[in-house]
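Take a look at the structure set out below.
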Number of protein chains: 2
Amino acid sequence: MAQPPTPRGVTPARSRDHNRQLVLGHLQAAGALGRAEIARRAGLSTQAVSNIIAELEGEGLLRTQGLARGRRGLPAPQYVLAAEGGFALGIEVRPGALLAALLDLEGRPVWHDRRPLASAAPEDVGAQLPGLLAAALAAAPQAEGRLLGAGVALPGPFGRTGIASDLPGWDGIAAAEVFAPLGLTVTVENDANAAALGARIALAPEGVTSFACLYFGTGLGLAIVQDGRLVVGAHGNAGEIGHVPIPTPNGPQPLEALLSRLSVERHLRAAGRKAGDMDALAALHAEGDPALADWIAGAAGPLGLATGLIENLLDPQTIVLCGAMPEGIVRDLIAAAPLTERSVARREGRTQPPLRVGRCSRLAAVIGAGALVLNRTFTPALAA
Amino acid sequence: MAQPPTPRGVTPARSRDHNRQLVLGHLQAAGALGRAEIARRAGLSTQAVSNIIAELEGEGLLRTQGLARGRRGLPAPQYVLAAEGGFALGIEVRPGALLAALLDLEGRPVWHDRRPLASAAPEDVGAQLPGLLAAALAAAPQAEGRLLGAGVALPGPFGRTGIASDLPGWDGIAAAEVFAPLGLTVTVENDANAAALGARIALAPEGVTSFACLYFGTGLGLAIVQDGRLVVGAHGNAGEIGHVPIPTPNGPQPLEALLSRLSVERHLRAAGRKAGDMDALAALHAEGDPALADWIAGAAGPLGLATGLIENLLDPQTIVLCGAMPEGIVRDLIAAAPLTERSVARREGRTQPPLRVGRCSRLAAVIGAGALVLNRTFTPALAA
DNA sequence: CCGGATAACTCAAGAAGGTTGTGTGTTCAA
DNA sequence: TTGAACACACAACCTTCTTGAGTTATCCGG
C-alpha cells in the first residue's frame, strides 16, 4: 500500500503468524536448517518451532531434505522451503503495457506475460485481470489454490505531488481496490521498491538485509531497504533520486538526465545510433560502440556522486543496480564509477562491494512485484 | 545500540510487553483516552486493554484524569501518563564535556548537568558515572526506583569508517559496555538520532511519526525517523549529510562548510566578530548584525537544496531543525530557504510545514538521549 | 567393541495472554 | 419515561508458548 503501517496489538493468532513468518524467513535466508537451529535463531523453544514446522509442512510450504550428519547427537532433519508449495503473482502496470509474473516460493519465475495496454486507466487494467489470472493458472496449474497473494508495481510517485507521475490517476489506495477482484491479498509499491524486494530475495542468503537499490525504469528510481523492510517515507514516495541536481560543466543537471535509459537513448540518437530497446543497447555494447562508451564514461561520474550520497545518507551494506539496462553496461558503469573514500560505508572488514549488479531485465519490477508477496511471507511484521 | 534489530519470536511475555508499549504510546500521542478508545486504536479487546491499564496504573505509569462526558453511554474514565511515574536518564559524551539529563515520563527535563571532561576516553567517562547517577537522584529523589533506562548520545559515526569521528575509541557496542555499570538498560545512538527522538516526543501529539531532523552539533547531522523508528542503516551511521557536496560559485563545497556552527563562527570571525558560543550568536542576531545576516542569506540556499534532497529521498512529513543554533537564526534560515516545488513531499492537503523549528539548545542531544528510553517505552518493537 | 557424552526430538503438563459472552451501570435522546 | 448507546467487569474458554521428563541416534574415547 506504500503507506507506513500502524503497529497493532498482539493476539495469540497474530503471534503465530509472526512466528511462522520468522521460521520461513530463516529458511529462506539459510537454505536448510534443523528445528533446534531455527529455534535458537528465532529465540523460541524447540517445541514451538516443532509445532510451527509441522503446520507448515502440512500446508506444503516446506519439506525435509536429508539429515545433518557429522555432528554429535541425534542427526537433525533439515528443512527447506518447498518451492512448489506457494506462489506469488506479480503485476506491473506501465503506461503502455501490463506485465505479469508468477513466482514460486523460492522466488523463481515460473511464468510471465506481457500485454499491450491501449489505456492504463484503472478500469481498463481491471478488465484485464480475470484473463491474466486464468492465463497464469493455465500455464502453471500447480499454483492453483496455492497463491499467497498478489503484488503490484506502479511507477511512482503516488498521489498529487510536486513531481509528475508517469501514470496519472493511480495511487496506492486506489490501486488496492482495482486489484481486489483478484480475491488475493494485494500489496502495492512503486516499481523501484518492488525491484528492490526482488533483489532482497536473492541477497538474503548472503546476509544482506539493509541495502539500497538504484532502478532503471523510464527514469531512475531509488529504493531503501533496512532490515528487510522498505523505507517508504510518510506517503510511500521515498526514493525520488532522479531529480537530485548533479554538478556538471554545463551547470547542475538532474541525475536522471545523466544516468537513465532516456539519457543513454538521447545520447545515442544524437550520435546517429538507433537504440530504442534493451536488445539494441546490448548489441551496441557488445560491439564496443564508441558513442555508448562515451555515455558510460559520462554517466559513471554522476553514479559515483549518487553512490556517495546514498552511502552517507543511508549507510547501506551495498547498492544494487537493476532494471532495464543491459548487464554489460551496468558492469561498465560500476567499474568506472569514481567512489569517494569519505563515506561512512567505507568500513574495515567490509564484505559487500559498494555497488553490485542485480537483475538487469525489463522484468525486474514485475518479478519484484511478486517478491512483495514473498517478503510479506518471510518478514515478520507485527503491523498491518 | 545503533544496530539494526533482529526480529525475534513472540512469546506470551513479549506479547504483553508489546501491548503495554502500544497502550503507553497511544496515551503519549493522544494525551487522554478511555479504555475502549485505546482498544479500538490498538486493535485489542477492551478486556485486554483493561488488564494492561490496571497493571500500568498499579506501577504508577498512568492515572485517571476525569471522565469523558458529553457522549452517550457510560462516561469513560480518561487515562493520562503519570509524569512522575517513570524517568529516563540521558547522557551525552562530547569531546570536552559529559552532559546528563533526567526526563520525566512526559519528556520534560527535571534535572540536567554538565561536567567538563579532561579526557573522553571510555574509562574516564565510566569513572564519572556513579557520581552522575547519585547527583541525578539527589536532585530528583522522586525518580528513585523509577528509572526506565539510560540513553546515551555520542557523536557519530561509529566504528572505523571513511569519515573521522569526533570521539575516536567509541562505538555503539563498546559504549553499551561502558554504561552497563549503571545497572540500567542502555540505548546508544549518535547525537543527531537522539535529538530526533527528542523531537518525536514533542511531535507525536501532532501525528508526526515520519520525519527527518537536521541537527546542529559541531557539524551538521541528519536523522531519519519512519513510523516512530529510527532509520539507522546497516551499521548505525545513516545520516552523514554534512559531506554532501553543494554547488557554489567557488565550486562544490560540503554542506557542513556552509551550514553549521563552525561555518557561522568562521564567517563571523572573518568579519571581526566574536561569536564563540550560542549566547554570543543569539546576541548578534538580536542586534541585527549584518555579518550574521550575510551568513544566513548564504546558508539559506544550501538549506533549501538539502531540503529538496531530503524530501525527495525520504518523503518525510516535515524536517525539524534543532541543536546548538539560536532559535532566531534557525527561524531566519527557514524563512529564507528557497524551497523547490519539484518534490514528492509537496502534496495536496499537506498539513506540516516543510521545515520547522525544534529544540534549539545545546541540550537537544542529551535530552534526546533520555528520549531514546521514552521512545523505547512508547514504541512497540517485537525486535531486540 | 562398548559405554558415556552429546544433541535433537516428542510427549505431557502448566503458565501466560488474549477473546468471547453475559451482565451491570450511566447517559442521552425521543 | 423509556429505550438505545456505550463503557466496563467478571468468568469461562481458546490459543500459543514454555518447561521438564523421556527417547533415540550419533560421535568419541578407552
Side-chain angles (χ1 to χ4, degrees), chain A residues 7-24 26-27 30 32-59 62-79 380 382 384, chain B residues 7-24 26-27 30 32-59 62-79 380 382 384:
Chain A
R8 285 214 302 175
V10 183
T11 67
R14 293 207 268 260
S15 283
R16 174 55 78 103
D17 261 359
H18 176 100
N19 289 343
R20 277 171 57 113
Q21 290 162 353
L22 201 57
V23 168
L24 287 171
H26 280 296
L27 286 176
L33 293 171
R35 303 179 182 202
E37 180 58 28
I38 296 174
R40 278 188 293 269
R41 296 186 185 206
L44 290 171
S45 65
T46 52
Q47 186 58 52
V49 172
S50 262
N51 295 341
I52 290 168
I53 286 211
E55 194 177 285
L56 293 171
E57 199 176 8
E59 296 170 19
L62 46 81
R63 60 163 195 274
T64 56
Q65 185 183 66
L67 300 172
R69 321 284 307 224
R71 286 176 306 200
R72 261 192 199 182
L74 198 159
Q78 301 296 98
Y79 288 87
L382 268 167
Chain B
R8 286 213 301 176
V10 184
T11 68
R14 294 207 268 259
S15 283
R16 174 53 77 100
D17 262 359
H18 176 100
N19 289 343
R20 278 172 56 113
Q21 290 161 354
L22 201 57
V23 168
L24 287 171
H26 280 296
L27 286 176
L33 293 172
R35 303 180 180 203
E37 181 57 28
I38 296 174
R40 276 188 294 269
R41 296 186 185 205
L44 290 171
S45 64
T46 51
Q47 188 57 51
V49 172
S50 265
N51 295 341
I52 291 168
I53 286 210
E55 194 177 284
L56 292 172
E57 199 175 7
E59 295 171 20
L62 45 80
R63 61 164 194 272
T64 56
Q65 186 183 66
L67 300 173
R69 321 286 306 224
R71 284 176 307 198
R72 243 183 219 194
L74 199 160
Q78 301 297 97
Y79 289 86
L382 268 166

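Residue numbering restarts at 1 for every chain, and letters A, B, ... go by the order of the sequence lines.
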Requested in this report: Report the nucleotide, chosen from D/dA7, D/dA25, C/dG18, that has the shortest atom-to-atom distance to any side-chain atom of A/Pro75.
Outcome: D/dA25
Query raised in the report: Given C/dG18, C/dA8, C/dT10, which nucleotide is nearest the side-chain atoms of A/Ala36?
Result: C/dA8
Is [X] touching bases, backbone alone, or none of the nucleic acid, heavy atoms closer than 4.0 Å?
| X | value |
| --- | --- |
| B/Arg40 | sugar-phosphate |
| B/Thr46 | nothing |
| A/Asn19 | sugar-phosphate |

Nucleotide [N], atom [atom2] - distance to [atom1] of [X] in whole Å:
| X | N | atom1 | atom2 | answer |
| --- | --- | --- | --- | --- |
| A/Leu74 | D/dC28 | CG | P | 15 Å |
| A/Asn51 | D/dT16 | CG | P | 9 Å |
| B/Leu22 | C/dG17 | CG | P | 16 Å |
| B/Gln47 | C/dG17 | CD | P | 14 Å |
| A/Ile52 | C/dC9 | CD1 | C1' | 16 Å |
| B/Arg35 | D/dA9 | CZ | P | 4 Å |
| B/Leu67 | C/dC28 | CG | P | 12 Å |
| B/Ile38 | D/dC6 | CD1 | P | 18 Å |

For [N] and [X] - does any side-chain N or O of the residue sit under 4.0 Å from the phosphate oxygens OP1/OP2?
| X | N | answer |
| --- | --- | --- |
| A/Ser45 | D/dC17 | no |
| B/Thr11 | D/dT18 | no |
| A/Arg16 | D/dC17 | yes |

**Report entry** A/Asn51 and A/Gln47 side chains, donor-acceptor separation under 3.5 Å
**Finding:** yes
Query raised in the report: Taking the side chain from A/Asn19 and the backbone from B/Val10, do they hold a donor-acceptor pair closer than 3.5 Å?
Result: yes
Report task. Supply the atom-to-atom distance A/Ile53 CD1 to A/Ile38 CD1, rounded to the nearest 0.5 angstrom. Result -> 4.0 Å
Query - Residue whose closest nucleotide on DNA chain D lies nearer the 5' end, A/Val49 versus B/Glu37 - result: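 Comparing both residues, the 5'-ward one is B/Glu37.
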Report task. Indicate yes or no: does B/Glu55 engage B/Arg20 in a salt bridge with an N to O separation below 4.0 Å. Result -> yes
Report task. Could you check B/His26, B/Arg35, B/Gln65 and say which one makes a side chain to side chain contact (heavy atoms under 4.5 Å, CB included) with B/Tyr79? Result -> B/Arg35
Query raised in the report: For A/Ser50 and A/Pro12, take the nucleotide of DNA chain C holding the closest heavy atom to each; which residue's nucleotide lies nearer the 5' end?
Result: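 Residue closer to the 5' terminus by nearest nucleotide: A/Ser50.
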